[in-house]
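Each ligand, and each atom within it, is numbered from 1 in the order the structure gives.
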Amino acid sequence: MLNRRVSFAVLNPATEETIAELDQAGVEETDAAVARAKEAFPAWRAVAPADRARLLRRLATLVEEHGEELAGIESRNVGKPIGGARAEVAMVAAVFHFYAGAVEKQYGETIPVGGGIDMTFREPLGVVGLIVPWNFPLNIASWKLGPALACANTVVLKPAELTPLSALRLEELILEAGIPEGVVNVLAGPGRVVGQRLVEHPDVAKIGFTGSTEVGRSVMAGAAATIKRVTLELGGKSANVVFADADLEKAAAAAPYAVFDNAGQDCCARSRILVQKSVHDEFLDYLVEATRRVKVGDPQLEETEMGPLISAAHRETVASFVDGEPLFRGDVPEGRGFWYPCTIIEASNDDRIAREEVFGPVAAVIPFDDEAEAIRIANDTPYGLSGSIWTRDGARALRVTRALETGVLSINSNSSVRPTTPFGGFKQSGFGRELGMHGLAGYSEVKNVYYATED
Ligand code: NAD
């Protein structure tokens with residue numbers, strides 16, 4: 001049989017233009033990448049921690065130096081507003097700085113036992129497969145690469161097929177930083193081929209996966225055959241709970257950005273806006289006004305706040321959630337590009353719009369009577385990723401915080417993600433934590449050693 005090269009086109013979703021043609025990796029290339037990573041592992045794990053820290057620090061600096069270039073790639077490939085893309089690249093550098101600092105701070109323990117000394121070590125896993133989605137391609141890759149490399153693993157990284165460009169550029173910067181060849185291998189190819197092969201491969205010790213709950217399920221099932229470790233960062237349907245005693249104007253000004261940022265293609269999107277009935281109408285007026293001000297348009301313009309969706313197929317999926325006349329529908333640019341307007345819908349928590357992840361700029365506003373009902377509705381979802389509570393009552397904020405089944409929560413804020421703090425889901429939003437010192441736990445194994453000291 002002839003060996004045939006398969007290529008695929010990478011588009012700019014704002015213009016529908018092809019911005020790259022790439023060779024598509026298949027099973028053979030995946031096996032070769034795993035073999036390279038396996039070969040590179042012994043030397044990489046032998047690098048002294050201080051030197052590994054220095055290499056990661058150098059990578060962080062290179063990301064900063066190439067910030068404008070990387071932000072440009074991400075903006076064109078994902079349709080992200082350039083300002084947001086710059087902030088994401090700054091976070092990538094911050095993540096590598098953080099994990100550079102963490103390399104030398106992973107201490108073991110000594111544990112009191114009789115007859116000897118007991119101690120623990122943190123050992124690398126070996127080759128890890130990192131599979132990431134298209135919504136924050138470089139950012140989410142860094143959340144996994146940082147701790148994986150800090151813990152002395154070698155890596156095969158598979159970006160989403162729609163958005164492979166920033167990861168391919170990062171691979172070059174990784175080599176430029178002095179991280180040895182074979183330590184990080186980036187493969188552009190389909191999930192059902194490259195991703196699945198990584199999940200099945202006997203030489204891959206762990207899969208760090210971010211993506212949909214549906215694919216997460218198949219990753220978890222596939223990992224069972226080789227008892228692979230998995231970290232799953234999956235979908236969400238988070239609640240933004242606005243109590244009557246909140247600063248309503250502030251809550252309403254923030255709420256659109258909690259849904260429409262990244263055109264709603266955000267696992268943390270607070271796409272269920274729960275509003276206490278006594279302030280429902282007043283809040284909606286503020287919310288519609290604030291949403292009207294969201295600047296939708298050319299991602300290359302500094303002032304743009306929302307770009308297009310990632311693809312025509314995804315736009316169809318998003319549109320399928322909206323029937324009838326919504327409470328509010330914004331404007332979008334005419335002409336080419338996969339645009340979808342900011343949309344606000346009044347809903348009940350039983351409606352499809354409130355149950356399923358839309359992953360587009362569509363918010364469902366759901367009324368509630370009191371604190372108990374707010375908690376019940378917020379938790380009435382299979383997901384548990386993020387959420388916000390808006391109230392001026394500190395005791396209520398803490399009561400509700402403890403009651404909500406979610407991994408990440410903010411009080412009087414939309415903020416979910418920082419390089420230094422743990423991020424991850426409850427329930428079907430996945431398990432394991434990324435970022436901060438918690439992120440390291442997913443990329444090493446605890447080894448316990450007993451040393452007998454008595455004859
Ligand atoms: P997806 O699940 O379709 O794809 C994610 C990645 O998995 C891609 O690289 C894809 O190629 C790969 N893949 C697909 N099929 C596979 C298979 N059978 N085996 C192995 N890998 C496979 O998700 P997406 O559409 O790229 O991204 C959107 C989803 O990601 C949303 O559900 C969103 O909530 C979720 N997400 C979660 C987080 C989080 O941290 N919890 C962050 C961002 C996105």
Side-chain angles (χ1 to χ4, degrees), residues 8 10 13 24-27 30 77-78 80 88 91 129-144 156-164 166-167 186-201 204 207-225 228 230-238 259 261-271 309-311 313-315 317-318 356-360 381-387 406-408 416-417 422-435 438-439 442:
F8 68 105
V10 180
Q24 183 172 291
V27 169
T30 310
N77 195 178
V78 191
K80 280 176 191 296
E88 285 174 33
M91 183 176 176
L130 308 181
I131 303 176
V132 298
W134 47 258
N135 58 342
F136 296 102
L138 201 58
N139 220 314
I140 291 177
S142 75
W143 302 3
K144 300 178 193 312
V156 179
L157 168 66
K158 195 205 91 60
E161 42 280 53
L162 292 169
T163 57
S166 53
V186 179
L187 287 178
R192 256 179 273 117
V193 181
V194 176
Q196 199 165 316
R197 180 64 186 149
L198 285 174
V199 171
E200 289 164 357
H201 204 297
V204 174
I207 296 288
F209 175 82
T210 299
S212 59
T213 295
E214 190 189 345
V215 176
R217 247 179 231 119
S218 85
V219 168
M220 197 169 165
K228 263 186 194 52
V230 285
T231 301
L232 299 177
E233 298 282 0
L234 309 177
K237 191 74 206 175
S238 300
V259 190
D261 252 359
N262 213 39
Q265 304 164 125
D266 183 346
C267 52
C268 287
R270 278 89 162 143
S271 54
L309 293 173
I310 190 71
S311 67
H314 187 53
R315 180 169 57 184
T317 309
V318 171
E356 294 177 26
E357 186 180 43
V358 179
F359 226 53
T381 169
Y383 295 110
L385 189 56
S386 76
T406 187
V408 181
S416 303
V417 174
F423 179 82
F426 279 25
K427 304 199 288 188
Q428 292 187 29
S429 289
F431 55 85
R433 290 295 176 270
E434 298 197 307
L435 297 173
H438 285 263

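Using a 4.0 Å cut-off between heavy atoms, E161 contacts ligand 1 through its side chain alone, with no backbone atom that close. The part of V132 lying near ligand 1 is the backbone, judged by heavy-atom distances below 4.0 Å. Contact annotation for T210 and ligand 1: heavy atoms of both the backbone and the side chain come within less than 4.0 Å of the ligand. Only the side chain of I140 comes within 4.0 Å of ligand 1, counting heavy atoms alone; its backbone N, CA, C and O stay farther away.
Taking each heavy atom of G129 and V204 in turn, the nearest pair found is N-CG1, 3.6 Å. The nearest pair of heavy atoms linking F359 to Q265 is O-CG, 3.4 Å. Of all heavy-atom pairs spanning K158 and L187, the tightest one is CG-O, 3.5 Å. Contact detail for N262 and F136: the closest heavy-atom pair is ND2-CZ, 3.5 Å. Residues G384 and S429 approach most closely at N-OG, 2.9 Å, considering heavy atoms.
At least one heavy atom of S218 sits less than 4.0 Å from an atom of ligand 1. Remark: distances from the non-hydrogen atoms of F136 to ligand 1 are all 4.0 Å or more.
The atoms of ligand 1 that sit less than 4.0 Å from any heavy atom of V215 are 2 (O), 13 (N), 14 (C), 15 (N), 16 (C), 17 (C), 22 (C). Close contacts between ligand 1 and E233 involve ligand atoms 37 (C), 38 (C), 39 (C), 40 (O), 41 (N) [criterion: under 4.0 Å to a heavy atom]. Counting the atoms of ligand 1 from 1 in the order shown, those under 4.0 Å from a heavy atom of Q196 are 18 (N), 19 (N), 20 (C). Those atoms of ligand 1 with a heavy atom of G235 less than 4.0 angstrom away are 32 (O), 34 (O).
Remark: minimum distance from atom 27 (O) of ligand 1 to any protein heavy atom is reached at P133 CB, 3.3 Å. Nearest protein heavy-atom neighbour of atom 12 (C) of ligand 1: I131 CG2, 3.6 Å. Taking atom 20 (C) of ligand 1 as the reference point, the nearest protein heavy-atom neighbour is G195 C, 3.3 Å. Of the protein's heavy atoms, F359 CE2, 3.4 Å lies nearest to atom 28 (C) of ligand 1. Ranking the protein heavy atoms by distance from atom 26 (O) of ligand 1 puts W134 CD1, 3.0 Å first. Among all non-hydrogen protein atoms, the one lying nearest atom 41 (N) of ligand 1 is L234 O, 2.7 Å.
Considering backbone and side-chain atoms alike, S212 places an N or O below 3.5 Å from some N or O of ligand 1. Taking any N or O of W143, backbone or side chain, none lies under 3.5 Å from an N or O belonging to ligand 1. Below 3.5 Å of separation, one finds an N or O of E357 facing an N or O of ligand 1. In terms of polar-atom proximity, N135 is not counted as a contact of ligand 1, lacking any N or O under 3.5 Å from an N or O of the ligand. Not a single N or O atom of S429, backbone or side chain, sits closer than 3.5 Å to an N or O atom of ligand 1.
Here N135 contributes atom CG and D261 contributes atom CG; the two are 12.0 Å apart, rounded to the nearest 0.5 Å. Atom NZ of K80 is separated from atom CG of N139 by 7.5 Å, given to the nearest 0.5 angstrom. Note that CG of L157 is 9.5 Å distant from CD1 of I131, once rounded to the nearest 0.5 Å. Atom CE of M220 sits about 4.0 Å away from atom CZ of F431, to the nearest 0.5 Å. Atoms CD and CG, from E357 and D266 in turn, are 9.0 Å apart once rounded to the nearest 0.5 Å. The distance from atom NZ of K237 to atom OG1 of T213, rounded to the nearest 0.5 Å, is 12.0 Å.
S416 and R270 form a side-chain donor-acceptor contact under 3.5 Å, judged by distance and modelled atom types alone. Side-chain atoms of T210 and K144 include a donor-acceptor pair closer than 3.5 Å.
In this structure a side-chain-to-backbone donor-acceptor pair under 3.5 Å is present from T406 to S386.
Of the candidates S311, C267, G189, G211, C267 brings a heavy atom nearest to atom 42 (C) of ligand 1. Atom 14 (C) of ligand 1 has its nearest heavy-atom neighbour, among G129, G430, A160, G191, in G191.
Distance check on atom 24 (P) of ligand 1: some protein heavy atom falls below the 4.0 Å cut-off.
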